[in-house]
Amino acid sequence: MAELTLVEAVNLALARAMTDDPNVVVLGEDVGVNGGVFRATVGLQDRFGPGRVIDTPLAEALIGGMCVGMAAQGLKPVGEIQFMGFMYPCIDHLVNHASRLRTRTQGRITCPMVLRMPTGAGIRAPEHHSDSTEAMLAHIPGLRVVIPSSPARAYGLLLAAIRDPDPVVFLEPTRLYRSIKEDVTDDGQALPLDTAFILRQGRDVTLITWGAAVRETLAAADDLAKDGLTADVIDLATLKPYDEDAILASVRKTGRCVIVHEAARTGGFGAEIAACIAERGLMSLLAPIERVTGYDTVVPLPKLEQHYIPSTDRITSAARRACTYG
Amino acid sequence: MAELTLVEAVNLALARAMTDDPNVVVLGEDVGVNGGVFRATVGLQDRFGPGRVIDTPLAEALIGGMCVGMAAQGLKPVGEIQFMGFMYPCIDHLVNHASRLRTRTQGRITCPMVLRMPTGAGIRAPEHHSDSTEAMLAHIPGLRVVIPSSPARAYGLLLAAIRDPDPVVFLEPTRLYRSIKEDVTDDGQALPLDTAFILRQGRDVTLITWGAAVRETLAAADDLAKDGLTADVIDLATLKPYDEDAILASVRKTGRCVIVHEAARTGGFGAEIAACIAERGLMSLLAPIERVTGYDTVVPLPKLEQHYIPSTDRITSAARRACTYG
Amino acid sequence: MPLDRGNDTALPVIAQFEIRRRAYLSATGELTTPLPPFAVAPTALIPLYRAMTLLRTLDAKAVALQRTGRLGTYGVALGQEAVVIGTASAMEDRDVLFPTYRENGALLWRGVPVETILAYWSGDERGSAVTGHREDFPICITIGSQASHAAGVAYAFKLRQQARVALCCMGDGATSKGDIYEAMNMAALHKLPVVFLIDNNQWAISVPLKRQTATATLAQKAIASGMPGEQVDGNDIIAVHAGISDAIARARAGDGPTLIEAVTYRLGDHTTADDARRYRSDDDVKAHWQQEPIARLKRYLVAQGAWTKADEEALIATCQRQIDEGVERYFALPARPPASMFDHLYEQLPPSLQRQKDELERGLANG
Amino acid sequence: MPLDRGNDTALPVIAQFEIRRRAYLSATGELTTPLPPFAVAPTALIPLYRAMTLLRTLDAKAVALQRTGRLGTYGVALGQEAVVIGTASAMEDRDVLFPTYRENGALLWRGVPVETILAYWSGDERGSAVTGHREDFPICITIGSQASHAAGVAYAFKLRQQARVALCCMGDGATSKGDIYEAMNMAALHKLPVVFLIDNNQWAISVPLKRQTATATLAQKAIASGMPGEQVDGNDIIAVHAGISDAIARARAGDGPTLIEAVTYRLGDHTTADDARRYRSDDDVKAHWQQEPIARLKRYLVAQGAWTKADEEALIATCQRQIDEGVERYFALPARPPASMFDHLYEQLPPSLQRQKDELERGLANG
Ligand SMILES: Cc1ncc(C[n+]2csc(CCOP(=O)(O)OP(=O)(O)O)c2C)c(N)n1
Ligand SMILES: Cc1ncc(C[n+]2csc(CCOP(=O)(O)OP(=O)(O)O)c2C)c(N)n1
Ligand SMILES: [Mg+2]
Ligand SMILES: [Mg+2]
């Protein structure tokens, strides 16, 4: 058991998966000798060779498409896109192929691939390095979209994603890569997909979030506790398919709900959660649902990004509004 | 004034825009001599020449990217993607460039482009020809997403889209291309963007929809009327930015709401509308919100597609549930 | 033969490239070049002749079914039979085919039943659940996207040291998609066992080749990736089969990928949804009928005394029967239950999807 | 010079292609070829020498600022100054530049103030609201996407019969993106006035050119689109300027696009976020210092008696002052109000966005 950062936990899970299963291959830009621009794949090429840890040419559509072909042959490709803002040329392969191959062939050919990509703002990176467009992916039938919020969950969920028989997009919050450490045991234990993590138990309000925003949301829960307000804090972890029951159970208990995500508000995945509650949990609601999100603007460059990312204060005051409503 | 199909109205609006403004150019696959696979651009190359009506090589990313460059120079490019299922390679240009150029350059360079694409199932087309992934686009800050539901609205909204100083994705429901005729006057009058159309006024329930589903939704309103239930029928028309006030005003009146779209349910744009109501109109709700949508499956091939597309019956019974609730 | 000298003939040349062309049978069926070993015995060509005829029979039948509302959109390979069959016949069973909608004849050759092909074009997912070569990819509709899939499959072959080859089919229009180029660059870089075939029928729906690209050949697009490129006469099945066979042999031997451009002509409409008279004249088409591959091979076989009128009549009857029987089985295919649209979405249907499936079934029950 | 014969030397050749190379100054500053007219008078080269020195001064200062937390990630052009300045200096004002993050020196040449460039790299949107050439595109970060934008701009020039040229910069790694190939195919097909420059510094972050592509040159990638391709010595600013000038002249005259590969070497880290020692040895880098373009031109100018020690000292002082003054103006730049993130999203802010803007401003007011 060791204190690891999230990116170290990703590296550990990759090494474990490659050790356990010779079909696992890693491919992407700079993943080999350089160990990835975030060091997520460091050491893997030395251990498993250039045949299984592949520095690809600079072409994201190629990475996405090769994963489809490799997975169709029963390999377990783990592709890396260097930043989410460079992922868009892969969407064609995700929508039209990876997510449909099983259906199109009625189970004859499957697509057990993982596409890893760093997501989110907050590390003072240049233009196009701060996107969190997970909602675009979570709309795609046949796909899984997973996003961890701690080193231990990164380790367990990445192992689960790699072992999953269907395609998974695995989002890694850059803001958390090195900012938190946690004990991680390299026991090869996967964590369940499609299942939310209840990080706090409370009575007064439900806070639903995922990825990097989990950190500010937990901080908000602490602030609320100072006022004697206790919150359920739900880390959705898998956005597609998502854990409706965990959400509904909590809202039935608290009657008040704040959804937090970094992505732009309109059409963000928080909308889906609000819709789920408005359809199946409406009558337990005691206050309007609140969404605390990034704005519907282009993610600002570093000078202003901290004003875009949902702050603990914004979450706390939304929760207070929800708790004092009516 | 003439009785026109929706595709004829699109053609009329394009001809009008090209006549009025020499900066308008049309580009895409087979848009020239062939007049487009749906005949939307028929006759334009003869009238305006191959310089302004361009048969491009077979490359969607190129079409999207060239529109960005042309628009940056003050042309008004109207690109055509042959089917929405082939649009995905353009998303990079929509997210990273078209929608951001004005912000990135602080107004120095703008991007007045239109990207037209047929959308939706129901015409017995082959694989990948039936997508309605408008929610992916409506999540992009800086973009407009417009979808007409009748020939007259197609004419007026397309003119508005072409005249708009910012990038617009214009979705054309293939299911409506030839199935309805309407009087369209070629008066060069644009219809307002960002504004919903109230197609029916009622008291008992609000039906919110867009595009091809407007037809089944109006039919459902007729069925409901037989039971003495009157419905507001709202055609959202512009999904990004959308007309929140029209939605909230209607729900405040009826207290009951059914959202209808053909796209897959999870993360569909109906979720955003439900979220908007749950945030800003919750207390006027007398019944849970209902979403009648395509399923979270791959759009089936023609043999089963009619079971995927929301039927009048599904809409009617959802509305009845809403009206009889509580 | 034009030599593109670049832009300043005074500068020293640092690299040179050539594109070569392969052809054996003239339009009238005469030999223009000594034959490759496999083709020396005329009888060896008869299975290819039969397969081309069967494909043309299937195409004619499929169009008839579509015109009478019993099939969806369908694209014939009329005039392109030599490319389709010449390619499929050069593959081994263990190889993996990446077909487009033009390769119905390749599916037939590789054992896909007529009724399965028709089911696909009728809009039934079972049409891609083929029983033949279970690792062949489904027909690719999204132009160009198959190239990187083929590179991925070929990478798996190489990693596992399997002597197998991925054969990636594409049209001339597909060469305008960046996907093709990205995949070729990767394949050449890693010497992947993949063959890229351009079925150059000189049209992309309404766009003629000269408005698709400025290049003198499509084979030269290989030069951008560093792999060899070759042009073959796509109306000469001997040239197609020989060119593909050599490319497959090199790929199998670990010598890397090849791009083969097979030059033919689309004698039919793009698909049944198209009317080619909108954008090309019947005369152009008529001229190309002089080149078509089936008559060409027949002339040769007859001249060699390897094919008789009786053989021809027997063949036509057999093909007709084979297709008709397939059509009967196609008609007999039971309908799929609507809720089956959920059946192969994920290996296990998540609870929320199960709820949607129940919703669909309830709706059907209630009328 | 290897001749790629394709795969079967018995077949007839139907097309041939050549790639040529342009170079004038040896690594030690001797002339290897008669100079092009513009370069005959050594004094004509002094502005280029000054600009390269100014760029190196800016780069050094920017890295110092980044290391001390006063600037964001920054990528130097160390060793590539001849490509950047040789290209920019061949353009006219009316032409449109498509820079990448390596072209800060081209922005300087085209009149973008030092403080604006620094503002961009500090994470301030005003850094792309340049006052210089208002139609130049902002720095392209998403590799390859600029190519089709350049084709679109060039198309507008052609349609309006403007004698203007789009100059699209890219790196060697960018040549692996299909975007580049799609745009080159379109540009060659329509003879668009665009020049594609490959700044081949032989590295894409940690990936050396030999693991990026199997081709002998990058210039030959032009052959896939049918446009001329040429390689120039990217450490010889005369060769870069001459190659780009000829290509621009052809484009301006309506003779279509050209691909120019300028071969140089990235002497620095990829950016300040990179540590190149992880993936390449200092010795490789040291060897390439013998080739670097500024010392090379200086040797030539000194040999020609066109440059003295005093000139050098004066130049270094001027460059230092110019950059320092820009840095002062950069430090003096007032902060932007957070709500300005809404200001240029649409021409007019929609009501729902106005609500979000108010929300942001309320939040700031409350604490
Ligand atoms: C990505 C994509 N864009 C557009 C289409 C629509 N489309 C179908 S076939 C076709 C032309 C293809 O031409 P070519 O590659 O030459 O193949 P051919 O049909 O001639 O065999 C087009 C544009 C598509 N299927 N996929
Ligand atoms: C589409 C895309 N993918 C990945 C990246 C991350 N990235 C930034 S620079 C770079 C390498 C570029 O190499 P090259 O094109 O040779 O340009 P150079 O940096 O050497 O000037 C990569 C992979 C990016 N910016 N855009
Ligand atoms: Mg073709
Ligand atoms: Mg480079």
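Note that these values count all heavy atoms, side chains included, but never hydrogens, waters or copies made by symmetry. Naming: A, B, ... by sequence-line order, numbering from 1 per chain.
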Fill in the blank from the handout: Shortest non-hydrogen pair, D:A129 vs B:Q106, comes out as CB-CB, 3.7 Å

Completion exercise
Under 4.5 Å to a heavy atom of chain D? For B:P50 that would be backbone

Exercise for the section: Apply side-chain hydrogen bond (donor to acceptor under 3.5 Å, both in side chains) to the pair B:H93 and D:S145, showing each step before the final yes or no. Expected result: CA-CA 7 Å; B:H93 289 291; D:S145 57; 5.5 Å; no

Exercise for the section: Output the distance between atom CG (B:N96) and atom OG1 (D:T142), rounded to the nearest 0.5 Å. Expected result: 5.0 Å

Handout entry: Gap separating the CE atom of D:M186 from the CD1 atom of B:I54, nearest 0.5 angstrom
Key = 6.0 Å

Exercise for the section: Report yes or no: is the cationic atom of B:R104 (NZ for Lys, CZ for Arg) closer than 6.0 Å to the six-membered ring centre of D:F137, at no more than 45° off its axis? Expected result: no

Practice task
Determine whether more than 12 heavy atoms belonging to other residues, nucleotides or ligands lie under 6.0 Å from atom CD of D:Q162.
Solution key: yes

Exercise for the section: Please determine, by modelled atom types, if B:T110 and D:H344 share a side-chain donor-acceptor pair under 3.5 angstrom. Expected result: no

Exercise for the section: Please round to the nearest 0.5 Å and tell me the distance separating atom NE2 of D:H190 and atom OG1 of B:T56. Expected result: 8.0 Å

Exercise for the section: Select one option (side chain, backbone, both, neither) describing which atoms of D:D343 are under 4.5 Å from chain B's heavy atoms. Expected result: neither

Exercise for the section: Answer whether the closest heavy-atom distance between the side chains of B:L101 and D:P138 falls below 4.5 Å. Expected result: yes

Exercise for the section: Look up atom CG in B:D194 and atom OG in D:S352, then write down how far apart they are to the nearest 0.5 Å. Expected result: 8.0 Å

Handout entry: Atom CD of D:Q161: over 12 foreign heavy atoms under 6.0 Å
Key = no

Problem - Point-to-point distance, once rounded to the nearest 0.5 Å, from CG of D:D136 to OG1 of B:T105 - result: 12.0 Å

Completion exercise
Closest non-hydrogen atoms of B:L62 and D:A183, given as atom of the first, atom of the second and distance, are CD1-CA, 3.8 Å

Practice task
With a 4.5 angstrom heavy-atom cut-off, could you sort out which part of D:L349 is near chain B: side chain, backbone, both or neither?
Solution key: neither

Practice task
To the nearest 0.5 Å, tell me how far B:Q73 CD sits from D:R164 CZ.
Solution key: 5.0 Å

Practice task
Return the minimal non-hydrogen interatomic distance between B:G65 and D:H149, and the atom names on each side.
Solution key: O-CD2, 3.3 Å

Exercise for the section: Evaluate the side-chain proximity of B:P57 to D:L189: yes if any heavy-atom separation is below 4.5 Å, no if none is. Expected result: yes

Practice task
Keeping the roles fixed (side chain from B:D166, backbone from D:E347), state whether a donor-acceptor pair exists under 3.5 Å.
Solution key: yes

Problem - Residue among B:D92, B:L143, B:D243, B:D164 with most heavy-atom pairs under 4.5 Å to chain D - result: B:L143

Handout entry: Electrostatic pair B:E244-D:R355, nearest N-O below 4.0 angstrom
Key = yes

Exercise for the section: List the steps, then state whether side chain to side chain contact (heavy atoms under 4.5 Å, CB included) holds for B:N23 with D:R160. Expected result: CA-CA 10 Å; B:N23 285 318; D:R160 293 167 165 172; 3.0 Å; yes

Problem - Closest contact, heavy atoms only, B:T103 versus D:L345 - result: OG1-CA, 3.5 Å

Practice task
Indicate the atoms forming the closest heavy-atom contact of B:G51 with D:Y155, along with that distance.
Solution key: O-OH, 2.6 Å

Practice task
For residues B:M70 and D:G152, report the shortest heavy-atom separation together with the two atoms involved.
Solution key: CG-O, 3.5 Å

Handout entry: Residue pair D:E135 / B:I109, side-chain heavy-atom distance below 4.5 Å
Key = no

